[in-house]
Novice: 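Below: one structure in structure tokens.
Below, read A as the first sequence line, B as the second, and so on, with proteins coming before strands; counting in each chain starts at 1.
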Protein chains: 2
Amino acid sequence: MTEREALPSGGKAAYITEEVRRRIIEKEWRQGERIPDEAELAAEFGVARATVNKALQMLAEEGLLDRRRRAGTRVAVNPVRKASFSIPIVREQVEAAGMSYSHRLISQSRSPLPERHAARLGLPAGEVLIHQRAVHYGDRRPFQLEDRWINPRAVPGIETVDFHHMNANEWLVRNAPYLRAELNFSACSAGVRDARLLETKPEQALLILNRTTWNDSGPITTVRLAFHPGYVMTATT
Amino acid sequence: MTEREALPSGGKAAYITEEVRRRIIEKEWRQGERIPDEAELAAEFGVARATVNKALQMLAEEGLLDRRRRAGTRVAVNPVRKASFSIPIVREQVEAAGMSYSHRLISQSRSPLPERHAARLGLPAGEVLIHQRAVHYGDRRPFQLEDRWINPRAVPGIETVDFHHMNANEWLVRNAPYLRAELNFSACSAGVRDARLLETKPEQALLILNRTTWNDSGPITTVRLAFHPGYVMTATT
DNA sequence: TAGTGGTCTAGACCACGGA
DNA sequence: CCGTGGTCTAGACCACTAG
């Protein structure tokens, strides 16, 4: 490299990342083609190999490169790019939209786990969990409908929480960090009860997000979130 | 640290990541609390500071830690976790499910860009783009309905492609790497035409994914994907 | 201004797996 | 086997910002 053309805008690794990405996008390095190895790039850019390694690992995680020992680094043939989105606390989500947040606990009980949730959670059907239904509001209009099952054995202390004032989402985020989570997006037509709670009409199409979390002592909670019609969830990259 | 208890299962950085995560989850280090600085942890674990740095940066990206110069590293108060999912090529997605893939190009034309897409793309309404509608099938049953606008100025060479044999998704992935993408999930009721093409009934709730991609010469493509009823999109962590 | 994380380096050794 | 990426180290300097 003769000289850094653009403003670095970051460190050397960031510069190398951008430059390599540019070469891929501009087709200087073509799909499936092997690119110079770390030592060569280190020499070209005048940096240590560790710096090149960091840059290339970022691009590999991003899906633009395939790296294998001995085989070298190649431009990915079918770049399987990853998108990510953050999972915000409902209250913050509502307040970020400039609305005032409130929520209402519709029901809470200890109930045997229905079959349809048992497999997902990895618990036997019939095991007694805490079952909650709640609605989250923005400016008094329904924003999200929540149907949640909580495994009390994974969350000691939950029995004593009053969820009329603290919503379960927030309490769990702060008190039950998870190791693994799974999210499922789907769509379904609002049932009669869903429609009433969301103050919309039955058969309305709803975006559904199912989220289940685990830690090393087993499943923590599974929740079905039904969003108000028109809600759009955004992810980037 | 006296000794590594568990099987390392990775390098030292991976071990430190797991151990710190464990201390957070087990509440040895509480929310908002400051944890020892990198030098101290390096001494505790008997590793170089760079190794601790790498481990803590992973946890910070994951959202479990807040790190600031001079202020040190703290356990995040509201862990905003990120979930990610990969954006597969439709054909691979279908074949991964054990079905045989086929697709059908419904229409292709050069059309002025409607107002509703103009803002999203950052192009003036009325600019002439390529407009395509296609259906992707798994075992001859409709899997996904695609409504796509392509900016030919961002993708030289696209005019000569015959999309009856190559689907646009695949061609673009291989020939038009993007710098930035935006994804929007929503739900809507199937219109008459959607229902016919997806071989389902009108008013059926559909999961909709809008994806728009850009590179440094502007927007590349925006596409609305309507999935067959019952389809579930999964993301993890 | 001093303490903390951010980054880089030159070198080393190791693990994987293609040739 | 042996070239490649994966990881670690000891040290250095820098950038930010809290006190």
Novice: Flag the pair B/Phe185 / B/Phe85 as yes when their ring centroid distance falls below 6.0 Å, and as no otherwise.
Specialist: yes
Novice: Is the A/His136 ring parallel, tilted or perpendicular to the A/Tyr101 ring (thresholds 30°, 60°)?
Specialist: parallel
Novice: Which heavy atom of B/Pro142 sits nearest a heavy atom of B/Val135, and at what distance?
Specialist: CB-CG1, 4.2 Å
Novice: Can you tell me how far the CG atom of B/Leu56 sits from the CG atom of B/Leu41, to the nearest 0.5 Å?
Specialist: 6.0 Å
Novice: Please collect all salt bridge (Lys or Arg N to Asp or Glu O under 4.0 Å) contacts where either partner lies in residues 69-90 of chain A, sequence neighbours excluded, each pair once.
Specialist: A/Glu62-A/Arg81
Novice: Taking five pairs at each end, how big is the angle between the two axes of the helix from C/dT1-D/dA18 to C/dG18-D/dC1, to 10°?
Specialist: 10°
Novice: Applying ring pair (Phe, Tyr, Trp, His ring centres under 6.0 Å), can you list everything that pairs with B/Tyr178, at least two apart in sequence or on another chain?
Specialist: none
Novice: Name all residues meeting the salt bridge (Lys or Arg N to Asp or Glu O under 4.0 Å) criterion together with A/Asp66; count only those two or more places apart in sequence or in a different chain, and write none if there are none.
Specialist: none
Novice: Near DNA chain C, under 4.0 Å by heavy atom, which residues of residues 50-61 of chain B?
Specialist: B/Asn53, B/Gln57
Novice: Tell me every residue that passes salt bridge (Lys or Arg N to Asp or Glu O under 4.0 Å) with A/Arg153, counting only those two or more places apart in sequence or in another chain.
Specialist: A/Glu127
Novice: Taking any atom under 4.0 angstrom from a heavy atom of chain A, which nucleotides of DNA chain C are the first and last to qualify, 5' to 3'?
Specialist: C/dT7 to C/dA19
Novice: Under the rule for ring pair (Phe, Tyr, Trp, His ring centres under 6.0 Å), what residues qualify as partners of B/Phe143, not counting sequence neighbours?
Specialist: B/Tyr231
Novice: Restricting to pairs with a member in residues 51-60 of chain A, which pass salt bridge (Lys or Arg N to Asp or Glu O under 4.0 Å), not counting sequence neighbours?
Specialist: none
Novice: Between protein and nucleic acid, restricted to nucleotides 14-19 of chain D and to nitrogen or oxygen atoms under 3.5 Å apart, what atom pairs and distances do you find?
Specialist:
| residue | atom | partner | partner atom | Å |
| --- | --- | --- | --- | --- |
| D/dA15 | N3 | B/Arg69 | NE | 3.2 |

Novice: What pairs with B/Asn175 under side chain to side chain donor-acceptor pair (under 3.5 Å), at least two apart in sequence or on another chain?
Specialist: none
Novice: Can you list every pair that meets salt bridge (Lys or Arg N to Asp or Glu O under 4.0 Å) and has a residue in residues 173-186 of chain B, with sequence neighbours left out?
Specialist: B/Glu170-B/Arg174
Novice: Mind checking A/Ala13 for me? I need base, sugar-phosphate or nothing, with any heavy atom below 4.0 Å counting as a touch.
Specialist: sugar-phosphate
